[in-house]
Undergrad: 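Below: one structure in structure tokens.
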Amino acid sequence: MKKRFGSINLTWPKLIVWAVLAGVYTAVMAILPAAKDTSFADISISFECWVLFGILIIVNSKTPLDSALKCFVFFLISQPLVYLVQVPFSALGWQLFRYYPAWFVWTLFTFPMGYVGWYMRKEKWWSLLILVPMLLFVGSHAFGFLQEARSFFPNHLLSALFCIVTVLAYPLLIFRSKRLRLAGFGISLAIVLAVTVLAFTGARQVYSTTLLVEGGELNLEFDDTYTVYLEDPSYGTVSIEYEEDIESWMVNAELTRTGQTRLILVSPTGETHTFDLTIERNSYHIEEAAAP
């Protein structure tokens, strides 16, 4: 592992092949239904893996300019490919590229970041100052993933562990100076402990949504005299509320897990409507269950 942090002969052909593979892999993870809402798809929407790629390029470049150019070209190739590969498989088609401008801005920033980042190799006290913002950035990702894993376990647990491991490993693998390695590891450990405590002491993440609307596609009639509950209460809570704006009763939910359960709606006279409910992280599917 240490070899990969400073001893690779990173030629331009190798860099281009690596950029193409990274872009294609990321697109595949974004396309695969099985990867949706998992750590494997996080590479397509967050930065922790790309920070690792950037640092690998920086520490295996020969000069600051070489580092800056290679970081820039790597992201200039890989990021558009992420969208290009998805185009035939997405309902948005070429409109997917409307999400690319934000990543292009980040691509522009990779040039100065690659140039400055190369000076971590100088093994000076300020080399650690260059690394610390990256540690904090990846640490903020660890915080978000830990919150998700705590609230929707085990979603994004692998991404949380990836962030924690890389934050702890970067100072040990980048620096040769014992002082810098110890100081850097101490900072990394403090970041990991802080984000872990914050993630597990703060409020849980929930998915708030409306599952049923009076009338609606299912042509249901209900009000606050009805009772509603989830067959498995570990998936969250549901309640019947009146929405003034549309003058209708609604079944609202605070969902805390992904998976499958049933929603039960009971009238004052005992008439029961049962619905199969599939919960994803930011979406759901509900349909009335077939009569037994």
Side-chain angles (χ1 to χ4, degrees), residues 1-8 10 18 22 39-40 42-43 45-64 66-68 70-71 74-75 106 109-205:
M1 178 62 77
K2 181 68 176 174
K3 179 182 178 182
R4 289 167 172 76
F5 277 79
S7 303
I8 292 176
L10 188 60
W18 179 18
S39 295
F40 295 100
D42 285 334
I43 190 173
I45 56 176
S46 59
F47 292 89
E48 65 284 348
C49 288
W50 301 101
V51 171
L52 174 61
F53 296 157
I55 288 178
L56 284 171
I57 293 169
I58 286 168
V59 299
N60 288 290
S61 296
K62 294 180 174 60
T63 66
D66 185 47
S67 173
K70 283 177 176 174
C71 283
F74 176 82
F75 284 87
W106 278 104
F109 278 114
T110 62
F111 189 91
M113 288 191 293
Y115 193 97
V116 173
W118 186 88
Y119 284 93
M120 290 188 296
R121 303 181 63 180
K122 289 293 186 179
E123 301 281 323
K124 305 293 185 181
W125 65 267
W126 39 261
S127 300
L128 185 56
L129 294 183
I130 295 172
L131 178 62
V132 167
M134 302 182 207
L135 299 178
L136 290 170
F137 188 52
V138 179
S140 70
H141 284 61
F143 170 72
F145 290 134
L146 284 171
Q147 278 194 315
E148 287 291 312
R150 175 195 175 201
S151 303
F152 294 91
F153 187 83
N155 288 22
H156 305 286
L157 178 60
L158 289 179
S159 289
L161 293 175
F162 177 89
C163 291
I164 290 170
V165 169
T166 53
V167 165
L168 293 173
Y170 285 144
L172 301 178
L173 295 173
I174 291 172
F175 300 125
R176 291 181 175 84
S177 164
K178 186 175 181 180
R179 282 186 181 180
L180 288 177
R181 295 178 77 191
L182 289 175
F185 185 79
I187 293 170
S188 294
L189 186 59
I191 291 171
V192 168
L193 291 175
V195 300
T196 301
V197 170
L198 290 172
F200 282 90
T201 56
R204 286 180 177 271
Q205 298 291 303

Undergrad: How far does OH of Tyr170 sit from CG of Leu131, to the nearest 0.5 angstrom?
TA: 9.0 Å
Undergrad: Do Phe143 and Gln147 come within less than 4.5 Å of each other through their side chains, counting heavy atoms only?
TA: yes
Undergrad: Surrounding CZ of Phe40 (heavy atoms of other residues, nucleotides or ligands, distance under 6.0 Å), is the total greater than 12?
TA: no
Undergrad: Which residues pass the side chain to side chain donor-acceptor pair (under 3.5 Å) test with Asp66, sequence neighbours left out?
TA: Lys70
Undergrad: Considering non-hydrogen atoms only, spot the tightest contact between Ser67 and Gly114 and give its length.
TA: OG-O, 2.7 Å
Undergrad: Return a table of donor-acceptor pairs under 3.5 angstrom between the side chains of residues 156-164 and protein atoms on other chains or two or more places apart.
TA:
residue, atom, partner, partner atom, Å
His156, ND1, Asp42, OD1, 3.1
His156, ND1, Asp42, OD2, 2.8
Ser159, OG, Ser39, OG, 3.4
Ser159, OG, Asp42, OD2, 2.5

Undergrad: Could you measure the distance from the OG atom of Ser140 to the CG atom of Leu135? Nearest 0.5 Å is fine.
TA: 11.0 Å
Undergrad: Rounded to the nearest 0.5 Å, how far apart are OG1 of Thr196 and CG of Leu146?
TA: 5.0 Å
Undergrad: Assess whether atom CZ of Phe137 is packed by more than 12 heavy atoms of other residues, nucleotides or ligands within 6.0 Å.
TA: yes
Undergrad: I'd like to check the side chain to side chain contact (heavy atoms under 4.5 Å, CB included) partners of Ser177; sequence neighbours left out, ordered by chain and number.
TA: Glu123, Arg179, Leu180
Undergrad: Show the nearest heavy-atom pair for residues Met120 and Phe175, with the distance to one decimal.
TA: O-CE2, 3.6 Å
Undergrad: When rounded to the nearest 0.5 angstrom, what is the spacing between CG in Leu52 and CE in Met134?
TA: 11.5 Å
Undergrad: Nearest heavy-atom pair of Phe47 and His141: which atoms, and what distance?
TA: N-NE2, 3.4 Å
Undergrad: With sequence neighbours left out, write down each residue that passes side chain to side chain contact (heavy atoms under 4.5 Å, CB included) with Lys178, or none if nothing qualifies.
TA: Leu182
Undergrad: Considering non-hydrogen atoms only, spot the tightest contact between Thr201 and Val197 and give its length.
TA: OG1-O, 2.6 Å
Undergrad: According to side-chain hydrogen bond (donor to acceptor under 3.5 Å, both in side chains), does anything in residues 124-135 pair up with another residue at least two apart or in another chain? List the pairs.
TA: none
Undergrad: Just how far is it from atom CG of Leu129 to atom CD1 of Ile187, taken to the nearest 0.5 Å?
TA: 8.0 Å
Undergrad: Please determine whether side-chain contact (heavy atoms from CB on, under 4.5 Å) holds for the pair Trp118 and Ser61, giving the CA-CA distance in whole Å, both sets of side-chain angles, and the decisive distance to 0.1 Å.
TA: CA-CA 8 Å; Trp118 186 88; Ser61 296; 4.3 Å; yes
Undergrad: For Arg204, does its backbone N or O pair with a side-chain atom of Ser151 as donor and acceptor, under 3.5 Å?
TA: no
Undergrad: Specify the closest pair of heavy atoms between Gly139 and Val195, including all atoms of both residues, with the distance to one decimal.
TA: O-CG1, 3.5 Å
Undergrad: Please report the interatomic distance CD1(Ile130) to OH(Tyr119), rounded to the nearest 0.5 Å.
TA: 9.0 Å
Undergrad: Can you give me the closest heavy-atom contact between Met113 and Ile58, atom names plus distance?
TA: O-CD1, 4.1 Å
Undergrad: What residues, two or more places apart in sequence or in another chain, satisfy ring pair (Phe, Tyr, Trp, His ring centres under 6.0 Å) together with Phe53?
TA: Trp18, Trp50, Phe74
